[in-house]
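Just so it is clear: chains get the letters A, B, ... in the order the sequence lines come, proteins before strands, and each one is counted from 1. No hydrogens, no waters, no symmetry mates; every other heavy atom, side chains included, goes into these values. Source: prediction; values computed, not measured.
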Amino acid sequence: MTNNGDTPVRVRFAPSPTGQLHLGGLRTALFDWLWARRTNGQFILRIEDTDRRRFDPESLESLTRGLKWLGLDWDEGPDIGGPFAPYVQSERQEIYREKALELIELGHAYRCFCTPEQLESMRNEQRRAGKPTGYDRRCRNLTDDEIKERLDKGLPYVIRFAVPLEGVTVFDDLLRGEIAVDNRDLRDEIILKADGMPTYHLAAMVDDHLMQITHVLRGEEWLSTAPIHKRIVDACGWDMPVLVHLPVILDPSGKGKMSKRKKQVAGKEFLALVHEFESAGYLPDAMFNFLTNVGWNYDPDQEVFSREEAIDKFQLNEINPSAAALPYEKLDWLNGLYIRSLTPAALKAALLPFLSRQLGLSFAELNAGGKLDILIPVIQERIKRLDEAASWLDWAFLDSNQICYDNPKLLIGRKLDAAKSAELLREGALLLGRVQPFSGDTIQEEFRAKAEEFGVKAGSFFGPIRGAISGKKVSPPLFESIEALGREEAVQRIERAASILEEQFAEVET
RNA sequence: GCCCCCAUCGUCUAGAGGACUAGGACUCAGGCCUUUCAAGCCUGCAACAGGGGUUCGAAUCCCCUUGGGGGUACCA
């Protein structure tokens with residue numbers, strides 16, 4: 001218990017393959033992984049697929065992909081095996097069945113022949129009477145003869161765990177301390193279903209024991225069933241692993257557990273699934289950093305840290321037991337920070353798939369002319385997510401006649417009129433046609449000199465040029481943009497813009 | 001309804017009886033810088049849910065209230 005990281009632990013992430021991995025699950029896995037790495041222990045992946053109805057074959061891929069994306073590698077698992085294989089519960093069915101039968105022998109469990117319909121009407125009655133719902137244990141005291149009779153008739157049955165009717169059950173939670181629950185509030189939970197599959201209550205306890213798990217990290221939603229788990233483990237004569245119930249992650253609204261379901265909060269859609277964060281262009285390192293600081297705190301005065309630093313400092317018992325909403329704005333800020341820390345080459349590599357997908361261009365097309373090599377370094381400090389790059393760069397991959405100059409404001413400089421702006425555009429085109437060398441620095445020098453010559457502010461001159469080059473009010477820095485475009489294309493765009501502007505004010509004047 | 005858990009700025013958090021005029025970060029506001037937008041730097045706004053105790057002393061310990069969350073399935 002008093003493990004500060006000196007004793008190797010065995011922890012497991014045990015998701016059930018019922019859908020896409022979401023951030024809450026990933027965070028649990030992250031803390032598992034952190035603790036395993038911190039203690040030089042093992043991180044185990046176990047698949048809890050005991051619910052055949054909810055099984056989703058695609059979720060397995062989502063699970064492993066999500067873990068790998070964040071950089072969480074496991075030491076034992078379905079794909080790589082290990083000393084306690086198999087790591088898929090549906091392949092361990094016999095083990096649970098035997099244990100359930102054994103518990104019956106020991107008097108800790110019993111067969112229940114109640115049908116789902118019977119149970120449903122029982123619950124309805126309980127609700128109507130304003131009583132707590134829960135199995136009324138009508139099969140708990142069946143005589144041997146009664147049981148035999150039903151068995152002979154081939155009636156389907158489940159196996160329920162028989163909790164003590166009186167007294168209290170006490171267990172420990174690492175973050176909350178000792179928790180005592182009155183046994184009268186406990187239910188005779190099903191441990192083996194009619195289809196022969198175990199429920200979580202049995203399967204997880206059996207596997208945690210067999211796989212020698214030392215610390216169980218799981219969501220807080222399991223806290224209320226922990227007494228049952230304690231009872232089952234006791235009945236089996238085993239030791240309870242250290243229980244660590246992680247606080248749930250709340251909706252951004254702070255109301256309710258974050259779900260996989262898309263919800264709108266304050267009119268904005270927020271991300272919840274791991275693959276959504278990936279395709280929005282959050283960097284794994286940033287996400288790792290971010291997630292580590294929700295529910296745990298690396299250092300009150302240091303927001304940014306590496307994986308190694310986190311491993312070095314991580315302490316299970318420092319986890320904050322209160323539920324938290326994800327600070328999405330902080331994620332954006334952090335991700336921007338990580339993007340800025342990338343080398344241009346690394347950023348380009350990360351960006352290529354996004355640009356390709358969003359702009360509909362091949363890598364080769366994107367690389368042509370070396371535009372990205374000039375432009376990426378200058379948009380680096382302007383994007384917080386990888387998926388924002390496309391709108392910063394799209395203009396550079398358009399033909400000059402595809403640029404839209406419909407908005408006259410785009411081409412008119414601050415405190416200038418249309419005529420003057422058009423004149424400046426012509427001058428700019430002329431200048432670009434002859435400037436040597438054609439580099440951002442020299443272009444800038446010439447343009448500044450020209451602005452002075454005309455007695456206009458640099459910004460007033462650059463505005464129309466920016467509009468002509470990019471078709472946008474807001475664009476990457478002008479002179480790198482011009483350089484990236486190349487002399488011919490740049491001149492063409494400015495001339496076309498000038499013509500359009502001239503037409504427009506000619507119309508107005510006549 | 002019943003059971004369990006939780007409670008510091010809007011959000012993520014630091015704080016484990018005196019070092020707290022409650023610290024950091026994000027967001028927001030203002031300023032500087034500036035070719036747009038960013039980035040960067042500086043400044044500012046902003047919290048111990050309420051009430052009782054315990055103590056010389058409480059954000060820190062106890063109780064109650066309130067609020068929030070979780071559970072209440074042949075789901076995990």
Side-chain angles (χ1 to χ4, degrees), chain A residues 14-18 48-51 53-54 112 114-116 119-120 123 126-127 129-135 156-160 173 175-176 179-182 184-187 189-195 197-201 203-204 218-227 245 247-248 250 252 254-257 290 293-304 320-334 336-337 340 378-384 392 414 444 447-448 451 457-463 465-467 470 472-479 481:
Chain A
S16 68
T18 53
E48 309 214 324
D49 58 344
T50 53
D51 185 344
R53 291 180 53 131
R54 293 204 303 154
C112 168
C114 296
T115 65
L119 295 173
E120 184 54 34
R123 274 192 294 267
Q126 289 168 332
R127 268 189 283 265
K131 288 186 178 170
T133 56
Y135 183 55
Y157 64 88
V158 301
I159 297 178
R160 287 182 184 271
D173 175 272
L175 309 180
R176 291 159 250 262
I179 295 172
V181 176
D182 195 316
R184 280 169 300 202
D185 293 321
L186 266 28
R187 309 202 201 316
E189 299 289 351
I190 292 171
I191 57 175
L192 201 80
K193 299 184 267 190
D195 66 0
M197 279 290 186
T199 59
Y200 175 92
H201 305 307
R218 41 145 62 159
E220 195 184 344
E221 61 269 22
W222 290 109
L223 195 57
S224 53
T225 43
H245 291 95
V248 296
L250 268 21
K255 286 190 77 79
K257 189 169 73 160
F290 171 72
N293 250 352
V294 176
W296 183 69
N297 188 250
Y298 174 77
D299 183 313
D301 294 311
Q302 189 184 338
E303 293 287 328
V304 185
N320 184 163
S322 50
L326 291 177
Y328 283 81
E329 313 81 12
K330 204 166 182 173
L331 205 213
D332 282 342
W333 165 76
L334 241 194
L337 219 58
R340 274 170 257 140
V378 299
I379 66 159
Q380 184 157 17
E381 65 197 29
R382 279 158 241 269
I383 59 174
K384 289 188 158 81
W392 278 100
R414 269 182 24 163
Q444 172 156 205
F447 269 62
R448 285 190 185 283
K457 289 215 160 204
S460 300
F461 183 26
F462 299 169
I465 303 288
R466 177 186 308 283
S470 65
K472 294 168 190 259
K473 277 301 251 193
V474 175
S475 82
L478 222 208
F479 304 103
S481 297

(request) Would you please test A/Leu186 and A/Val181 for side chain to side chain contact (heavy atoms under 4.5 Å, CB included) and show each step? (result) CA-CA 8 Å; A/Leu186 266 28; A/Val181 176; 3.7 Å; yes
(message) If I pick the P atom on B/rG53 and the same atom on B/rU60, what distance separates them, to the nearest angstrom?
(response) 15 Å
(message) Is the phosphate of B/rA39 approached by A/Lys384 (side-chain N or O, under 4.0 Å from OP1 or OP2)?
(response) yes
(message) Does B/rC74 have OP1 or OP2 under 4.0 Å away from a side-chain N or O of A/Thr50?
(response) no
(request) Answer with base, sugar-phosphate or nothing: what part of the nucleic acid does A/Leu478 contact at a heavy-atom distance below 4.0 Å? (result) base
(request) Grab the CG-P distance between A/Asp49 and B/rA76 for me, whole Å please. (result) 10 Å
(request) Can you tell me the distance, in whole Å, between the CD atom of A/Glu221 and the P atom of B/rC3? (result) 21 Å
(request) Side-chain contact test, heavy atoms from C-beta onward, threshold under 4.5 Å: evaluate it for A/Asn293 versus A/Leu334 and give yes or no. (result) no
(request) Working to the nearest 0.5 Å, report the span between OG1 of A/Thr18 and CZ of A/Arg53. (result) 13.5 Å
(request) Side chain of A/Pro300 only, please: which of B/rA14, B/rC12, B/rC3 is the nearest? (result) B/rA14
(request) Could you tell me which nucleotide pairs with B/rU36 by Watson-Crick or G-U wobble geometry, both distances under 3.5 Å, or answer none if nothing does? (result) none
(request) Looking only at side-chain atoms of A/Leu119, point me to the closest of B/rC5, B/rC74, B/rC6. (result) B/rC74
(request) Return the nearest nucleotide to the side chain of A/Arg176; candidates are B/rU72, B/rC12, B/rC6. (result) B/rC6
(message) Applying a 4.0 Å non-hydrogen cut-off, can you work out what A/Gly295 is touching in the nucleic acid: base, sugar-phosphate, or nothing?
(response) sugar-phosphate
(request) Would you state whether a donor and an acceptor, one from the side chain of A/Arg54 and one from the base of B/rC75, lie under 3.5 Å apart? (result) yes
(request) Please measure how far the C1' atom in B/rC74 lies from the corresponding atom in B/rG70, and state the result in whole Å. (result) 22 Å
(message) Less than 4.0 angstrom between a side-chain N/O of A/Arg123 and OP1 or OP2 of B/rC74, yes or no?
(response) yes
(request) Could you check how far CD of A/Glu329 sits from P of B/rA29, rounded to whole Å? (result) 13 Å
(request) Could you tell me whether A/Arg184 and A/Asp182 make a salt bridge, using a distance below 4.0 angstrom between a side-chain N and a carboxylate O? (result) yes
(message) Looking at A/Asn320, I'd like to know whether one of its side-chain N or O atoms comes within less than 4.0 Å of OP1 or OP2 on B/rC12.
(response) no
(request) With heavy atoms under 4.0 Å as the rule, sort A/Gln302 into base, sugar-phosphate or nothing. (result) nothing
(message) Give me the atom names and distance for the closest heavy-atom approach of A/Leu337 to A/Val304.
(response) CD2-CG2, 3.4 Å
(message) What's the gap between B/rC33 and B/rA59 when it is taken at their C1' atoms, as a whole Å value?
(response) 40 Å
(request) Describe, in one word, how the ring planes of A/Phe462 and A/Phe447 are oriented to each other, choosing from parallel (under 30°), tilted (30 to 60°) and perpendicular (over 60°). (result) tilted
(request) Look at the side chain of A/Ser16 and decide which nucleotide, out of B/rU11, B/rC74, B/rA76, has an atom nearest to it. (result) B/rA76
(message) Suppose you measure atom C1' in B/rA16 against the same atom in B/rG30; what distance do you get, rounded to whole Å?
(response) 38 Å
(request) Using whole Å, report how far CZ of A/Arg187 lies from C1' of B/rC75. (result) 15 Å
(request) Using the closest heavy atom to pick a nucleotide of RNA chain B for each, name whichever of A/Ile383 or A/Lys330 lands nearer the 5' end. (result) A/Lys330
(message) Any base atoms under 4.0 Å from A/Val158, or only sugar-phosphate, or nothing? Heavy atoms, all strands.
(response) base
(message) Of the listed nucleotides (B/rA76, B/rG69, B/rU11), which one gets closest to any side-chain atom of A/Glu48?
(response) B/rA76
(request) Please state the P separation for the pair B/rA76 and B/rC9 - nearest whole angstrom. (result) 37 Å
(message) Check this one for me: any side-chain N or O of A/Arg340 less than 4.0 Å away from OP1 or OP2 of B/rG40?
(response) yes
(message) Any heavy-atom pair between the side chains of A/Leu326 and A/Val294 that's under 4.5 Å?
(response) yes
(request) Could you tell me the separation between the CZ atom of A/Arg382 and the P atom of B/rU36, rounded to a whole number of Å? (result) 10 Å
(message) Taking the C1' atom in each of B/rU27 and B/rC12, what is the distance between them to the nearest angstrom?
(response) 11 Å
(request) With C1' as the reference atom in both, quote the distance from B/rU11 to B/rA47 in angstrom, rounded to an integer. (result) 12 Å
(message) From C-beta outward on A/Trp222, which listed nucleotide comes closest to its side chain: B/rA76, B/rU35, B/rU72?
(response) B/rA76
(message) Taking the minimum atom-to-atom distance to the side chain of A/Glu220, which one of B/rC5, B/rC3, B/rA25 wins?
(response) B/rC5
(message) Categorize A/Cys114 for me: base, sugar-phosphate, or nothing, with a 4.0 angstrom heavy-atom threshold over every strand shown.
(response) base
(request) For B/rC2, give its Watson-Crick or G-U wobble partner with both distances under 3.5 Å, or none. (result) B/rG71
(message) Any strand counts, and the cut-off is 3.5 Å on both contacts for Watson-Crick or G-U wobble. Which nucleotide pairs with B/rG44?
(response) B/rC28
(request) Tell me yes or no: between the side chains of A/Thr133 and A/Arg123, is some donor less than 3.5 Å from an acceptor? (result) no
(message) What's the closest nucleotide to the side chain of A/Phe479 if the choices are B/rC12, B/rC26, B/rU35?
(response) B/rU35
(message) Side chain of A/Asp51, heavy atoms from C-beta onward: which of B/rG24, B/rC37, B/rA76 has the nearest atom to it?
(response) B/rA76
(request) Looking only at side-chain atoms of A/Ala194, point me to the closest of B/rC5, B/rC74, B/rG24. (result) B/rC74
(request) Evaluate the side-chain proximity of A/Arg218 to A/His245: yes if any heavy-atom separation is below 4.5 Å, no if none is. (result) yes
(message) Here's a test of your reading of the structure: between A/Asn293 and A/Ile190, which maps to the more 5' nucleotide of RNA chain B?
(response) A/Asn293
(message) What's A/Glu303 touching, base or sugar-phosphate or nothing? Going by heavy atoms closer than 4.0 Å.
(response) base
(request) Calculate the interatomic distance between A/Tyr298 atom OH and B/rC26 atom P; express it in whole Å. (result) 18 Å
(request) For B/rG50 and B/rU8, measure between their C1' atoms and round to the nearest Å. (result) 15 Å
(message) Less than 4.0 angstrom between a side-chain N/O of A/Lys193 and OP1 or OP2 of B/rA76, yes or no?
(response) yes
(request) Check whether any side-chain N or O of A/Arg448 sits under 4.0 Å from OP1 or OP2 of B/rU35, and answer yes or no. (result) yes
(request) Find the distance A/Leu334:CG to B/rU11:C1' and express it as a whole number of Å. (result) 14 Å
(request) Measure the distance from OH on A/Tyr135 to P on B/rC3 and round it to the nearest whole Å. (result) 23 Å
(request) Would you indicate what A/Pro327 reaches in the nucleic acid, counting non-hydrogen atoms under 4.0 angstrom: base, sugar-phosphate, or nothing? (result) sugar-phosphate
